[in-house]
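Data first, discussion second: the structure below is written as structure tokens.
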Amino acid sequence: MVLQARIRAALLVGVLCTIGACGGSGAPSSDATPAAADATLYVIKFPHVVATGTPKGQMAQRFKELAEERFPGRVRVEIYPSGQLMEDTESIEALAFGEVQMIATSVSLYDRLTQKFQVFDLPFLFSDLAAVERFQRSPEGSALLTTLTDSGILGLAFWHNGMKQFSGPRPLIEPNDARGLKFRVMESDIIQAEIEAIGGSPQKMAFGEVFQALQTGTVDAQENTWSNIYSAKFYEVQPYMTESNHGYIGYYVAVNDAFWKSLPDDLRAGLEATLAEVTEWGNARSETINQEDKQRIIDSGRSQVTVLTPEQQAVWQDALRPVWDEFSDRIGRDLVDAALAAAQ
């Protein structure tokens, strides 16, 4: 695949530089004194595509504040929210190349590098964030963090956003209501198959392009969390919302492996401890943020929100069952079974 080939090229460049085949300055030289090495300022560029008030936006900002407070003069974290620097798909490649040092992109975007992450996109696998967290903390779930080290990408944590909801130009109460609608989806084959299974037309599109696409009719509908729907103002151009909780949006917090290993041991350990603290703080707040934003959407009067009953959800589950049949073997039955066990 194209992304895999470009990342392999990036890793080859890194190897050549390591053996002295390219110029330029990098980390302190081997004969640098400890004092000189300690004086090095490490800059962590951290781009993401959502607003600062979302769960990810708040966690990124808190990580910056705590890291710089605890390691003054040794680390600077530069946050670029709302796609200011690049879109999510670009950031994965940029991380492998070392152009940025940290990202927190949707787990859905890694299916070009590994199909294991597609487990998070199986429709109706997880009923809520607590079920997701049980899987992520299981041996099988936590092992996913190191799945991409061969691509130069090291996972450190999973950050929650929330459960996905549908929105569109008409109420989406049963799967047939989606027939013929053009849905914006992320760059994910399994989400594309999900929309096709309910008779929609999936349109892969970067997050930053969605509002205008909905406004102009380039796409008719979309799926997202309440926090993203509110912060990106999708509710202003989508008259109907369906609380379906049919999927999960979460983020793989990853660093450039070579950069991370180049950090002094004490700094690396301290930043990892800080990130773990931020992860616990932010994940505990994510559901509250989503529910508050749902209420803001309702209070705006711009969109009508319908909550699916368990019986209505069951109809959607039956319609989306072919997606499980198509992708479970690709993901790995053992991994799917582990996720199912954790989700109970």
Side-chain angles (χ1 to χ4, degrees), residues 49-58 81-83 106 108 121 123-124 126-129 160-186 191 194-195 198-250 285-317 319-320:
V49 300
V50 296
T52 55
T54 60
K56 176 165 62 174
Q58 293 189 26
S82 302
S106 171
S108 303
D121 285 329
F124 293 103
F126 302 108
S127 59
D128 53 29
L129 294 182
H160 298 329
N161 184 320
M163 304 305 291
K164 290 193 292 186
Q165 324 300 340
F166 284 121
S167 72
R170 57 180 181 245
L172 302 176
I173 308 304
E174 57 184 46
N176 283 339
D177 295 329
R179 190 166 301 279
L181 295 180
K182 294 174 290 184
F183 280 79
R184 177 268 172 175
V185 298
M186 286 187 282
I191 298 177
E194 168 193 295
I195 299 304
I198 57 176
S201 173
Q203 310 290 317
K204 294 182 178 180
M205 183 180 296
F207 183 77
E209 302 171 8
V210 179
F211 179 86
Q212 185 175 6
L214 291 169
Q215 188 177 44
T216 60
T218 302
V219 295
D220 306 307
Q222 62 89 50
E223 55 163 21
N224 232 301
T225 63
W226 291 123
S227 68
N228 283 353
I229 292 169
Y230 178 75
S231 64
K233 302 184 185 300
F234 296 161
Y235 68 97
E236 294 185 357
V237 289
Q238 293 276 268
Y240 296 97
M241 306 275 170
T242 301
E243 184 170 83
S244 51
N245 293 322
H246 64 277
Y248 167 72
I249 291 183
R285 300 177 73 249
S286 56
E287 179 62 19
T288 299
I289 293 170
N290 274 279
Q291 291 306 311
E292 289 175 348
D293 286 343
K294 172 190 171 183
Q295 190 59 48
R296 291 186 180 104
I297 292 169
I298 293 172
D299 292 344
S300 76
R302 304 289 291 268
S303 294
Q304 177 182 314
V305 175
T306 299
V307 179
L308 294 183
T309 67
E311 293 76 19
Q312 290 168 333
Q313 279 192 329
V315 176
W316 284 87
Q317 290 171 348
L320 292 169

Contacts under 3.5 angstrom, residues 172-179 side chains, donor-acceptor by atom type, not counting sequence neighbours:
{"residue": "D177", "atom": "OD2", "partner": "I173", "partner atom": "N", "Å": "2.9"}
{"residue": "D177", "atom": "OD2", "partner": "E174", "partner atom": "N", "Å": "2.9"}

Where [X] and [Y] come nearest, the two heavy atoms and their spacing:
X    : Y    : answer
S108 : M186 : OG-CE, 3.5 Å
N290 : G162 : ND2-CA, 3.9 Å
Y248 : K164 : N-CE, 3.9 Å
I297 : S303 : CG2-CB, 4.1 Å
L129 : H160 : O-NE2, 4.1 Å
E243 : V307 : OE1-CG1, 3.5 Å

Original post:
For K182, does the NZ atom sit with more than 12 other heavy atoms under 6.0 Å from it, leaving out its own atoms?
Top reply: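 More than 12 within 6.0 Å, yes.
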Subject >> Carboxylate-amine/guanidinium contact D299 R296, below 4.0 Å >> reply: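 No, D299 and R296 are not salt-bridged.
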**OP:** Dump the intermediate steps for side-chain hydrogen bond (donor to acceptor under 3.5 Å, both in side chains) on T225 and S227, then the final yes or no.
**Re:** CA-CA 5 Å; T225 63; S227 68; 3.3 Å; yes
Under a 4.5 Å cut-off applied to non-hydrogen side-chain atoms, are [X] and [Y] in contact?
X    : Y    : answer
N161 : S106 : no
Q58  : I289 : yes
S201 : Q203 : yes
I191 : E223 : yes
W316 : I198 : yes
M241 : I298 : no

Original post:
Between S167 and N224, is any side-chain donor less than 3.5 angstrom from a side-chain acceptor?
Top reply: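 Their side chains do not contain a donor-acceptor pair, so the 3.5 Å distance test is not met.
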Subject >> Short side-chain donor-acceptor distance under 3.5 Å, Q295 and Q291 >> reply: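 Note: Q291 and Q295 side chains miss the donor-acceptor criterion.
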Original post:
Any salt bridge (charged side-chain N to carboxylate O under 4.0 Å, His left out) pairs touching residues 307-316, not counting sequence neighbours?
Top reply: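 Found none.
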Subject >> Stepwise side-chain contact (heavy atoms from CB on, under 4.5 Å) test for M205 and Q222 >> reply: CA-CA 10 Å; M205 183 180 296; Q222 62 89 50; over 6 Å; no
**OP:** Sequence neighbours left out, what passes side chain to side chain donor-acceptor pair (under 3.5 Å) with T218? Give chain and number order.
**Re:**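 Here the qualifying residues are T216.
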Subject >> Any residue meeting side chain to side chain donor-acceptor pair (under 3.5 Å) with N245, in chain and number order, not counting sequence neighbours >> reply: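 In terms of side chain to side chain donor-acceptor pair (under 3.5 Å), with neighbours along the sequence ignored, N245 is linked to Q165.
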Subject >> S244 side, atom OG; M163 side, atom CE - distance, nearest 0.5 Å >> reply: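 Atom-to-atom, S244:OG and M163:CE are 9.0 Å apart.
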**OP:** Give, for atom CD of Q313 and atom NE2 of H246, the distance between the pair rounded to the nearest 0.5 Å.
**Re:**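 So the CD of Q313 and the NE2 of H246 are separated by 10.5 Å.
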Original post:
For residues 287-313, which residue pairs qualify under ring pair (Phe, Tyr, Trp, His ring centres under 6.0 Å), counting only residues two or more places apart or in two chains?
Top reply: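 Found none.
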Subject >> Pairs touching residues 198-232 that satisfy ring pair (Phe, Tyr, Trp, His ring centres under 6.0 Å), sequence neighbours left out >> reply: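 Every ring pair (Phe, Tyr, Trp, His ring centres under 6.0 Å) pair that includes a residue of residues 198-232, provided the two are not neighbours, is F207-F234, Y230-Y235.
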Subject >> Chi angles and distances behind the side-chain contact (heavy atoms from CB on, under 4.5 Å) call for L214, Q238 >> reply: CA-CA 8 Å; L214 291 169; Q238 293 276 268; 3.7 Å; yes
